[in-house]
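Let me begin by presenting the structure, written as structure tokens, before commenting on it.
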Amino acid sequence: MFNFPFSLQTFFVDIILPVPIPGYFTYRVPKDWEAYVQKGIRVVVPFGTSKVYTGVIVAVHSNPPTKYQAKYLLEILDEYPLINDKQLDLIEWIAGYYMCTPGDVFQAALPAGLKISSQSKIQLNPTFEEWEQLTEKESVFCNFLKEKESCTFDEAKSFLEVKSPYYLIKSLVGKSAIFVFDELKDRYSPKIIRKIRLTEYYTHKEHLTQLIGVLEAKPKQLAALLLYLQHISVLRDPSLNAKGLDKKIFTQSEISESSIQTLLKNEVFEVFEQVISRFSEGDDELIPTKFELSNAQNRAFQEILKSFETKDICLLKGVTGSGKTEIYIRLIQEALANGDQVLYLLPEIALTTQIVMRLKKIFGEQLGIYHSKFSDNERVEVWKSVAEGKYSFIVGVRSSVFLPFNNLGLVIVDEEHETSFKQTDPAPRYHARDVVTILAKMHQAKVLLGSATPSFETYYQAKNDKFGLVELNERYGETLLPEIHLIDTKYAAKAKQMNGGFSEEILDKLRVNLEAGKQSLLFQNRRGYSPYIQCQLCEWIAQCTQCDVSLTFHARDKELKCHYCGYKETLPTRCGACGGTSLQTMGYGTEKIEEEIQMHIPGARIGRVDLDTTRSKTAFQNLILDVQNGNLDIIVGTQMVAKGLDFDGLSMVGIFDADKIINFPDFRAHERAYQLITQVAGRAGRRGAQGEVYIQTNQPTHALFQAIIDGDYEGLYQEEIVEREGYNYPPYVRLIRLVIKHVEDTKAKKAANDLGNLLKQNFGAGRILGPEKPLIEKIRNLYAQEILIKIENGVSLSKFKINLRENLDLAQSWPSFKGVQLIVDVDCL
DNA sequence: AGCACGCCGACT
DNA sequence: GTCGGCGTGCTC
């Protein structure tokens, strides 16, 4: 760091601000603070006329900006860097690669609790006495604060009727009249639970046995004591008493509050408070960490280590149920023993389940979990714990790539092919799997990509020796791959073997399974009751008012909903066109499947697993528990079940809309269909028994089904890769998608056309596809057009992107781009 | 992205 | 005559 004690130079800092404006922002450092500014610390700055933001310093220098007057910093939030150099480098890399601003990345990288903004609170110092030191304006403001207890920057601004209250506030802070507390300190409070334990006296065996004798006459108190001893066997080991028992456990059993109170009064029990981390699920005993790998697993494990000697990235391609997890665990143990940090990325839904419980049991306190359903408090807690080194192992979703690692040794990306690793909606539109390879390079860490059905991009790299490749082709134990049956729905319909959407075969199988006490899973990749409702007279279909899609009927809420914009309306009784009353639900969603199966198979206990039934944090876990405990016979679900559920009991899987998946208009449709169907099918038949899978389709001769039945990933890959090469699709080219949006259809088309022509001129028509209307032309009243850019392998991506950015900037200055939104999606899926 | 400045319709 | 609609342009 610079340190010129008598320097006449003025210091400036370049900072990242959470705004979608390219580049960094230069601010001036007040003379007194020169010693405190440093790369990686957060600062609060004024921005525009009335806003304050938290930014992070990326550079300290003494070059005044020439084109504008730099403003002063308002506040310094950290003593030490909160964001380390590698993180700053990663932010910059992502912004460059994904063609967004550092601010976009910063916004995604930091939990909100670490980004105070205009909402920061101001409070009067209660011990403040020296009112005579204040200016008139200041004392008026302080009196206002006295009344209000606290106020926000915004409130202060409107009260003071000035454009920027920060100078006055700063002066008051200097006089110790007020506090500005960053919301971090305010919002972030540790969680405390109340526990009960024996007083020290009764931890002695003789006192305790004596007590039990005395309580013989008081059965209720005795019951309470015995319940305690049942959970905490103090007689066996008095030191266990220190752990205590959650008060809830008493109240949940038959023990009355009054008997507890009596025991507390008589100083048998005492209450104490414990600060708990928000996600340590109790203090389960750690299970023994030594387990044997099977021969196949051990061979794979050794091969991975070998591959890491020469390559940084390795693909582990292991069939469902081959026991990849044990191999991961072994690698994680090695890395941790080595003193390295480990990051284990999972798709969101997989994270709520058993695997995390299992890892928690093995790795205990060193394991931190980073999940999108966690509150902001919890995220800040994880962030700090990683920075402090409390967690050396993180299991998390996409965004955990931004955590403050300083010594990463191993990154595992499980279910590597999952599209949820790519962020689609707000920028940065990054792919965690790809970001992780850069992150790992910075840390000189190894990356293991795991999947039963790798993405073709990844497999291509492995095949071409860029990544290591290790295969695990046998299922763990003796379990056989499920037997897959195709049901020809066209034929079944002719033979009168269809019952609505269900073939007799599936219904029969469900009945047989139910009688045998076995569980079944039905897969329908569409939530709600029916994907559309239609008038039987005039064929009118209820459409969303803001989007170019039909409305899905949700029976539970008796509403029509748009799955794209969230629009809702109550179920109409009349046709929107002819006024007729014969509206009918068309097609099948999970709700309707659930209802009809209930009708066909009365007595079956049916559970539904889709976005609608698992919105809350615990709902999904409760459903899983119900399945595990055998409280459900049939589970109906969307792709959530394919990805989230992982247990033994399922003996049969039924798949309904296979045709929809296969015929999806996208060059990756076959790859995706293979992955999804294989994944769903893989839910059937674990631990010994062979499972059965029934797929309803009207094109049973489709080659894809044969590949799925044979588990012939390789064959499908070979076939598809030829097509990809022939038609110039990934992995032979990189794709960048441009989306052009406008409220007016014609304006979107005009802008897209103009841009398309420019790009064709400058990059060659062969590289530009479109403009074309996307699958859904209008969402939230915005019409969209798409342009696809193909960049063949070997072309310098960074140069291409700089060139592309210039073209885009030029286009956006055109009159035809007025009011047009332009989205850039690099490596779009 | 916000948010201010700025230029045209329905209200006291 | 004003309040307020959202079009456009800037933010270190």
Side-chain angles (χ1 to χ4, degrees), chain A residues 10-30 33-34 37 39 41-77 88 91-92 95 98-110 112 115-120 152-158 160-167 423-429 739-744 746-748 750-751 780-782 808-825:
Chain A
T10 308
F11 276 35
F12 294 91
V13 286
D14 293 342
I15 68 174
I16 304 179
L17 287 179
V19 289
I21 303 164
Y24 300 118
F25 295 83
T26 306
Y27 282 83
R28 208 168 159 166
V29 181
W33 293 357
E34 288 180 357
V37 289
K39 202 175 161 189
I41 69 173
R42 292 173 304 150
V43 291
V44 179
V45 296
F47 188 72
T49 45
S50 59
K51 279 171 292 179
V52 261
Y53 283 121
T54 301
V56 59
I57 300 180
V58 293
V60 182
H61 57 84
S62 51
N63 315 316
T66 51
K67 298 194 176 70
Y68 51 85
Q69 188 68 40
K71 291 184 181 171
Y72 278 102
L73 300 179
L74 284 177
E75 220 176 311
I76 294 182
L77 292 179
L88 293 176
I91 289 176
E92 194 172 321
Y98 291 103
M99 301 183 73
C100 61
T101 71
D104 287 327
V105 189
F106 179 70
Q107 187 73 294
L110 259 78
K115 289 175 295 200
I116 63 157
S117 63
S118 321
Q119 276 89 50
S120 299
T152 63
F153 269 89
D154 289 340
E155 286 168 324
K157 197 185 86 186
S158 59
L160 292 163
E161 293 176 326
V162 291
K163 284 199 168 178
S164 153
Y166 311 108
Y167 299 98
Q423 173 150 317
T424 42
D425 209 11
R429 300 183 172 77
V739 186
I740 296 97
K741 292 185 185 176
H742 196 279
V743 279
E744 283 173 58
T746 50
K747 293 229 170 112
K750 170 85 169 78
R780 290 175 198 273
N781 285 324
L782 283 176
L808 296 180
D809 288 346
L810 171 65
Q812 286 192 284
S813 71
W814 292 341
S816 64
F817 262 79
K818 282 247 181 296
V820 168
Q821 268 185 53
L822 176 65
I823 290 167
V824 185
D825 186 2

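Remember, predicted model here, so these are calculated numbers, not experimental data. Every chain is numbered from 1, with letters handed out A, B, ... down the list of sequences.
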Whole-Å gap separating C1' (dG2(B)) and CG (D104(A)): 14 Å
Does any part of the side chain of K71(A), heavy atoms only, come nearer than 4.5 Å to the side chain of F25(A), both counted from C-beta? no
Sequence neighbours excluded, the answer for salt bridge (charged side-chain N to carboxylate O under 4.0 Å, His left out) partners of E744(A) is K747(A)
What is the distance, rounded to the nearest whole Å, between atom CD1 of I16(A) and atom P of dA1(B)? 19 Å
As an exercise, state the distance from CG of L88(A) to CD1 of I16(A), rounded to the nearest 0.5 Å. 6.0 Å
Excluding sequence neighbours, so at least two apart, what forms ring pair (Phe, Tyr, Trp, His ring centres under 6.0 Å) with F106(A)? none
Please give, in whole Å, the distance from dG2(B) C1' to L17(A) CG? 13 Å
Can you name the atoms? Protein N/O to nucleotides 6-9 of chain B N/O, anything below 3.5 Å, with the distance.
none

Test of understanding: with side chain to side chain contact (heavy atoms under 4.5 Å, CB included), list the residues that count as partners of Q107(A), not counting sequence neighbours. P18(A), K115(A)
Hey, what are the protein-to-nucleotides 7-12 of chain C N/O distances that come in under 3.5 Å?
from    : atom 1 : to     : atom 2 : distance (Å)
dT11(C) : O3'    : G48(A) : N      : 3.2
dC12(C) : OP1    : Y27(A) : OH     : 3.4
dC12(C) : OP1    : G48(A) : N      : 3.4
dC12(C) : OP2    : G48(A) : N      : 3.4
dC12(C) : OP2    : K71(A) : NZ     : 2.5
dC12(C) : O3'    : T26(A) : O      : 2.9
dC12(C) : O3'    : K71(A) : N      : 3.0
dC12(C) : O2     : T26(A) : N      : 2.8
dC12(C) : O2     : Y68(A) : OH     : 2.3
dC12(C) : N3     : Y68(A) : OH     : 3.3

Should V37(A) and Y27(A) count as side-chain neighbours, where that means a heavy-atom distance under 4.5 Å? no
Can I get a per-line list of side-chain donor-acceptor pairs under 3.5 Å for residues 812-825 of chain A, giving both atom names and the distance, sequence neighbours left out?
from    : atom 1 : to      : atom 2 : distance (Å)
S813(A) : OG     : L810(A) : O      : 2.6
S816(A) : OG     : D754(A) : OD2    : 2.9
D825(A) : OD1    : K422(A) : NZ     : 2.7
D825(A) : OD2    : R737(A) : NH2    : 3.2

Minimum side-chain heavy-atom gap P426(A)-D104(A) below 4.5 Å: no
